[in-house]
Protein chains: 2
Amino acid sequence: MKKENSTNSLNERYLLNTCDFNYVLQLIGGRWKSQIIFSIAHGNNRFSLIKQDLDNISDQVLGRQLRSLEIEGIIEKSEIPFSIPKGIQYNFTEKADSLIPLLRELCQWGGQHKRPLDPIKIC
Amino acid sequence: MKKENSTNSLNERYLLNTCDFNYVLQLIGGRWKSQIIFSIAHGNNRFSLIKQDLDNISDQVLGRQLRSLEIEGIIEKSEIPFSIPKGIQYNFTEKADSLIPLLRELCQWGGQHKRPLDPIKIC
DNA sequence: GCAATAACGAACTAAATTGTGAGTACAATG
DNA sequence: CATTGTACTCACAATTTAGTTCGTTATTGC
């Protein structure tokens, strides 16, 4: 539960008012958010497809993060019209389209600059 | 205290092994880390200068984040040789130099895409 | 010699994020 | 008409992150 006047939340607000970078962190800083974005970018545009792709995520957490990405204007829901089983589709907004290239750049940077361990897929 | 085998930390490791983006998030995802980086980039290369600049941060939190950025290879400490008062200086590594332009891009993106509130400085 | 400032560290508490168990609504399938 | 699958929501518990309290070393300025 968020407390309105804890130092913690005051600092959060202070930072949001100080630098736009913190807004971006809020958008994509969550544990699974960037992975969900990359997964949708790979064509997994339905709840069950994303869930399969990120095989350690639970229904509940996925639902929560999708909702949050929707509120933040990164994805949009739509019904798939003549599909069996009938379902819901997630699509990127324009906002997302402009963000994703930047995320990929960061991802590449990460691949080049992390301490060398195992080879890891670049998103 | 970190638990080694909680689902939470297993998921964290899974994500680190899945996509390099999560490594980047680990570097810069902390509440104050990006602000500290921007502050140093603005020329505040000493503990006390950064503290003044980010006026809501406490000594302890700043110290912790600086140490973490140092371990992650983003900044380096050095003694200022003939300064009065004698002190310690923080400088960016090459790694940081290559990261900062990407952070600025994200910051700009944030400025253009956040819901319009007050004008906020671009870092 | 005494207070003040810089630059921290350890240990603890408060608060936020993440994960879990249970349950819902609706359509199709057997 | 009971079961299965999709796409969720809610309340609560586990875990992690952020902040606080107190203390340290070392130097400078008076």
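Here is how names work: the chains are called A, B, and so on, in the same order as the sequence lines, proteins then strands, and each is numbered from 1. As a basis for the values below, the full set of heavy atoms in this structure was taken, side chains included, without hydrogen atoms, waters or symmetry mates.
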Exercise. Do any side-chain nitrogens or oxygens of B:Arg46 fall under 4.0 Å of OP1 or OP2 in C:dA7?
Worked result: yes
Exercise. So what does A:Lys51 touch, heavy atoms closer than 4.0 Å: a base, only the sugar-phosphate, or nothing?
Worked result: nothing
For this session: Could you work out which one of C:dG19, D:dG19, C:dA7 sits closest to the side chain of B:Asn11?
Result: C:dG19
Problem set entry | Letter per nucleotide, 5' to 3', of nucleotides 11-16 of chain D [B base touched, S only sugar-phosphate touched, - untouched; heavy atoms, 4.0 Å] | B---SS
Problem set entry | Euclidean distance, atom CG of residue B:Asp59 to atom P of C:dA6 [Å, nearest integer] | 9 Å
For this session: Looking at every strand, decide which applies to B:Lys77 at a 4.0 Å heavy-atom threshold: base, sugar-phosphate, or nothing.
Result: sugar-phosphate
For this session: Would you indicate, yes or no, if D:dG5 has its OP1 or OP2 atom less than 4.0 angstrom from a side-chain nitrogen or oxygen of A:Ser48?
Result: no
Exercise. Rounded to the Å, how far apart are B:Ile50 CD1 and C:dA7 P?
Worked result: 9 Å
Problem set entry | For atom OH of A:Tyr14 and atom C1' of D:dG19, their distance in whole Å | 16 Å
Exercise. What distance do A:Gln108 atom CD and B:Asp20 atom CG have between them, rounded to the nearest 0.5 Å?
Worked result: 9.5 Å
For this session: Examine distances only and state if a side-chain atom of A:Lys77 and a backbone atom of A:Ile88 form a donor-acceptor pair shorter than 3.5 Å.
Result: no
Exercise. According to a strict under-4.0 Å criterion, is B:Trp32 in side-chain N/O contact with OP1 or OP2 of D:dG19?
Worked result: yes
Seminar exercise, completed: A:Asn22 atom CG is separated from D:dA18 atom P, nearest whole Å, by 12 Å
Problem set entry | Side-chain donor-acceptor contact under 3.5 Å, B:Glu76 with B:Gln89 | no
Exercise. C:dA16 P sits how many Å from A:Arg13 CZ, rounded?
Worked result: 10 Å
Problem set entry | Euclidean distance, atom CD1 of residue A:Ile28 to atom C1' of C:dT17 [Å, nearest integer] | 16 Å
Exercise. Between B:Lys33 and B:Glu72, is there a salt bridge with N-O shorter than 4.0 Å?
Worked result: yes
Seminar exercise, completed: Shortest non-hydrogen pair, B:Leu54 vs A:Tyr14, comes out as CA-OH, 3.9 Å
Problem set entry | Spacing between B:Ile36 atom CD1 and D:dA18 atom C1', to the nearest angstrom | 12 Å
Exercise. Just checking, is any N or O donor in the side chain of B:Asn22 or A:Arg31 under 3.5 Å from an acceptor N or O on the other one?
Worked result: no
Exercise. How about A:Arg13: does its CZ atom have over 12 heavy atoms from other parts shown lying under 6.0 Å from it?
Worked result: yes
Exercise. Rounded to whole angstroms, how far apart are CG on A:Leu62 and P on D:dT6?
Worked result: 13 Å
